[in-house]
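Shown next, in structure tokens, is the structure this report addresses.
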Amino acid sequence: MSRRLLIATHNPGKVAEYKSLLADLHLVVTWLDEVGITEDVEETEDTFEGNAILKARHYSALSGLWTWADDSGLEVDALDGRPGVLSARYGGKGLTDVDRYQKVLGEMAGIPERQRTARFRCVVAIAQPGGKVDTRDGTLEGLIAHAPRGNYGFGYDPIFYIPSFHATLAELERGVKNEMSHRAEAAARARELLGVMLSEAEGGRSERDKESARVSPS
Ligand code: ITT
């Protein structure tokens, strides 16, 4: 029987993206809503790694399944790494994506080009039920633009300028972004990690099976 892998998100877009990436691993990929988990764990850690691990452990314990969780956000060097882990809630509750990137633009007013460096980071954590948890990360380097441009994507995409593309992330079609994004890089690395963790778990299990066959009376 195939193993089930829980993607720890309520976001169906993320599930679809990860499902296609993991298609050849012979796993049944499921997600929080499908297994009836409605609660949201509070992301209390101050690093992406910490929050990804917290989510993976929490939902794995709750479901008893292998669990894949991610955390991501924007780090701006001139703002000492802000909004960072606060990216989704920067400036407080009730703000829109536009309000949040306008806040970043306001804080960057007067900062010259060479000091506008920033990156998106994503960390994926994988938890084995009652066992190991490990992480892999991905980054996408760019500059904070002086004004928003483009309508694709979400979040801070309109103010994230990539010099080699002469465009903001919001000016690039989804397929282009998905090939080089921080999430794509973290996911590709985590996919390899998952393969290794699964085969180690299988190896451990078959060793234990052999051992118990040797010691159990027939
Ligand atoms: P979950 O339900 O899966 O936790 P989320 O909305 O919290 O989804 P993430 O943890 O992936 O989403 O991202 C946190 C925030 O970081 C997100 O709300 C955006 O503001 C920002 N962000 C992350 N990746 C981004 C991207 O590719 N483009 C623009 N903004 C991004």
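In each ligand, atom 1 is the first atom listed, and ligand 1 is the first ligand listed. Source: prediction; values computed, not measured.
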Check: Arg149: what forms a side-chain hydrogen bond (donor to acceptor under 3.5 Å, both in side chains) with it, not counting sequence neighbours?
Finding: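 Checked Arg149 against side-chain hydrogen bond (donor to acceptor under 3.5 Å, both in side chains); matches are Glu171.
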Notebook entry, point to check: Without hydrogens or angle criteria, can the side chains of Asn178 and Ser181 be said to hold a donor-acceptor pair below 3.5 Å?
Noted result: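 Looking only at side-chain atoms, Ser181 and Asn178 do not form any donor-acceptor pair under 3.5 Å.
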Next item on the list: For ligand 1, would you mind listing the residues that have at least one heavy atom less than 4.0 Å away, ordered by chain and number?
Entry: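 These residues qualify: Thr9, Lys14, Glu43, Lys55, Asp71, Ser72, Gly73, Ser87, Ala88, Phe120, Phe154, Gly155, Tyr156, Asp157, Lys177, His182, Arg183.
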Check: Apart from Ile53 itself, what residues make up its hydrophobic cluster when side-chain heavy atoms of I, L, V, M, F, W and Y under 4.5 Å apart count as a link, directly or indirectly?
Finding: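 Result for Ile53 is Val133.
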Next item on the list: Any pair with a residue in residues 39-95 that passes ring-ring contact (aromatic ring centres under 6.0 Å, His included), sequence neighbours left out, goes on the list, sorted by first then second residue, please.
Entry: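 As it turns out, the ring-ring contact (aromatic ring centres under 6.0 Å, His included) pairs with a partner in residues 39-95, which skip direct neighbours, are Tyr18-Trp68.
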Note to self: Exactly one of Asp134, Asp137, Asp70 should register a salt bridge (Lys or Arg N to Asp or Glu O under 4.0 Å) with Arg189. Which one does?
What the structure shows: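 Answer to the salt bridge (Lys or Arg N to Asp or Glu O under 4.0 Å) test with Arg189 among Asp134, Asp137, Asp70: Asp137.
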Check: Salt bridge check: are Glu192 and Arg136 linked by an N-O gap of less than 4.0 Å?
Finding: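 Salt bridge: no.
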